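Encoded as structure tokens, the structure appears first; notes follow it.
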Amino acid sequence: MTQEHPFLDDLPAYALGALEAEAAQALERHLRTCEACRAELASYRTVREGLLMAVPPAPPPVRLRGELQRQLSRHQKALPRRSALSLRWSALALVILLLLLNIYSILQVRSLRREQAGLARRVETGQSALAMLAAEGTQSIHIQAGNVSGTLLLNRGRDSALLILWNLPALDLEQTYQAWLIDSQGQRTSAGIFQGEAQPAYIAKQLLAGAALSNFVGLGVTVEPAGGSPQPTGRRVFKIDF
Amino acid sequence: MALQDEIELLVRIARGDQAAFLLIYDRYAGHVYGLGLRILGDEMLAEEATQDTFLKLWSQARRFTAERGSLLAWLLTIARRTALDRVRLEDRRPALSGATDPEELWQVIPDADTLSEETRWRSLHMVVQALPAEYRQVIELAYYQGLSQSEIAAALGWPLGTVKTRLRSAMQQLRQAWQAQ
């Protein structure tokens with residue numbers, strides 16, 4: 001032991017694993033910075049390997065070989081270690097999965113928001129219908145055209161009209177229903193576009209003509225290209241007079 | 001078996017080749033079992049330690065690095081640790097008096113298939129046999145029984161300083177003799 005190498009005497013015991021834990025930790029800290037002690041330790045480690053081989057070999061029981069073979073078969077599946085490449089693929093797959101989940105969540109949220117907005121609109125039109133039915137002077141006009149039936153609530157004094165239709169078939173994305181208010185000259189004025197609904201099986205549409213309802217004498221609904229037309233061009237669903 | 005051959009076998013073992021595994025087993029099982037027997041002093045426990053050691057070889061073959069020593073040294077290091085873990089787990093140590101017969105400890109059975117590396121170690125053992133008995137005893141307890149210096153002092157009733165001095169002297173003599181080969 002020297003001042004420069006205070007743990008020199010401990011190296012043989014350390015090489016055999018016989019040094020107390022606390023002393024071993026202090027020695028290991030010293031070894032990190034002392035190349036001479038590391039070289040000294042390496043020479044003792046060589047002796048340690050020799051001590052391992054000094055023990056006389058002894059024949060193991062014959063059955064051990066067969067038992068090991070059976071054990072190997074059980075360990076076989078655990079053997080192929082995942083390569084760095086497969087780990088990278090796993091990480092990539094995980095990222096893609098998370099991304100898909102994220103997109104799915106966003107779509108779900110949008111769908112819920114759409115549903116929420118639809119429900120809010122229905123509540124609003126329901127309240128409008130109730131208000132109109134309760135109002136003095138509201139006219140209720142029955143509509144029937146094949147499977148499609150409904151009611152037009154009309155209040156000329158309040159300049160308000162609400163169209164409620166049942167069983168209106170859903171259209172494809174390139175088409176829309178368009179309501180027309182008809183004046184005494186037979187001129188059509190667009191009162192809004194809307195889609196059929198499968199669930200629920202009715203639609204309620206506030207009609208907005210841009211002119212006083214008293215100017216009109218009838219209502220018609222046609223099928224038009226998506227976005228609507230300036231004048232009716234497509235199939236008529238129904239026409240009523242009021 | 002040349003080191004390069006052993007490395008090739010280890011590569012095959014890492015890929016799950018049982019035939020390669022059995023070649024290594026047939027070559028070294030006697031050494032591993034012998035060491036287990038030395039440390040545990042019980043045939044059944046030595047058999048279990050041998051099995052555990054070779055299963056570790058099967059699952060960890062790719063961890064072997066030739067720079068750190070021979071395959072046999074690597075296997076025996078695993079075997080020693082496995083056996084000492086079993087000793088600690090069961091708090092089981094062979095009786096000190098029966099396990100430290102110096103003549104038995106350092107005897108090496110002749111083997112016609114001996115490698116040059118092993119021959120070199122046999123020479124070391126000849127030197128070890130010439131060590132004083134108390135030196136051999138302290139090395140036996142430290143290395144094959146896994147005792148710390150304090151535990152050796154308590155087991156033998158020697159002052160701790162005496163244990164340290166004898167262990168250090170024994171190791172220095174072994175190293176000097178080995179380097180002179």
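Note that the structure is a prediction, hence the values are computed from the model and not measured. Each chain gets a letter, A, B and so on, in the order the sequences are listed, and its residues count up from 1.
Side-chain contact between Trp58(B) and Gln18(B): present, with at least one pair of heavy atoms (C-beta onward) separated by less than 4.5 Å.
The greatest number of non-hydrogen atom pairs below 4.5 Å with chain A, out of Arg168(B), Arg80(B), Lys164(B), is found for Arg168(B). The residue among Pro59(A), Gly17(A), Ser43(A) with the most heavy atom pairs within less than 4.5 Å of chain B is Ser43(A).
Residue contact with chain A, scored on non-hydrogen atoms closer than 4.5 Å, involves the side chain of Leu37(B) exclusively. With a threshold of 4.5 angstrom between heavy atoms, Gln172(B) approaches chain A through its backbone and through its side chain. Using a 4.5 Å cut-off between heavy atoms, Thr77(B) touches chain A through backbone and side chain atoms alike. Heavy-atom distances place both the backbone and the side chain of Arg65(A) under 4.5 Å from chain B.
Aromatic ring orientation, Phe21(B) versus Tyr25(B): parallel (interplanar angle below 30°, classes split at 30° and 60°).
Checked against salt bridge (charged side-chain N to carboxylate O under 4.0 Å, His left out), Asp172(A) has no partners two or more places apart in sequence or in another chain.
The environment of CZ in Arg81(B) is sparse: at most 12 heavy-atom neighbours from other residues, nucleotides or ligands sit within 6.0 Å.
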Donor-acceptor pairs under 3.5 angstrom involving side-chain atoms of residues 29-37 of chain A: please list them, not counting sequence neighbours.
residue: Thr33(A); atom: OG1; partner: His30(A); partner atom: O; Å: 3.1

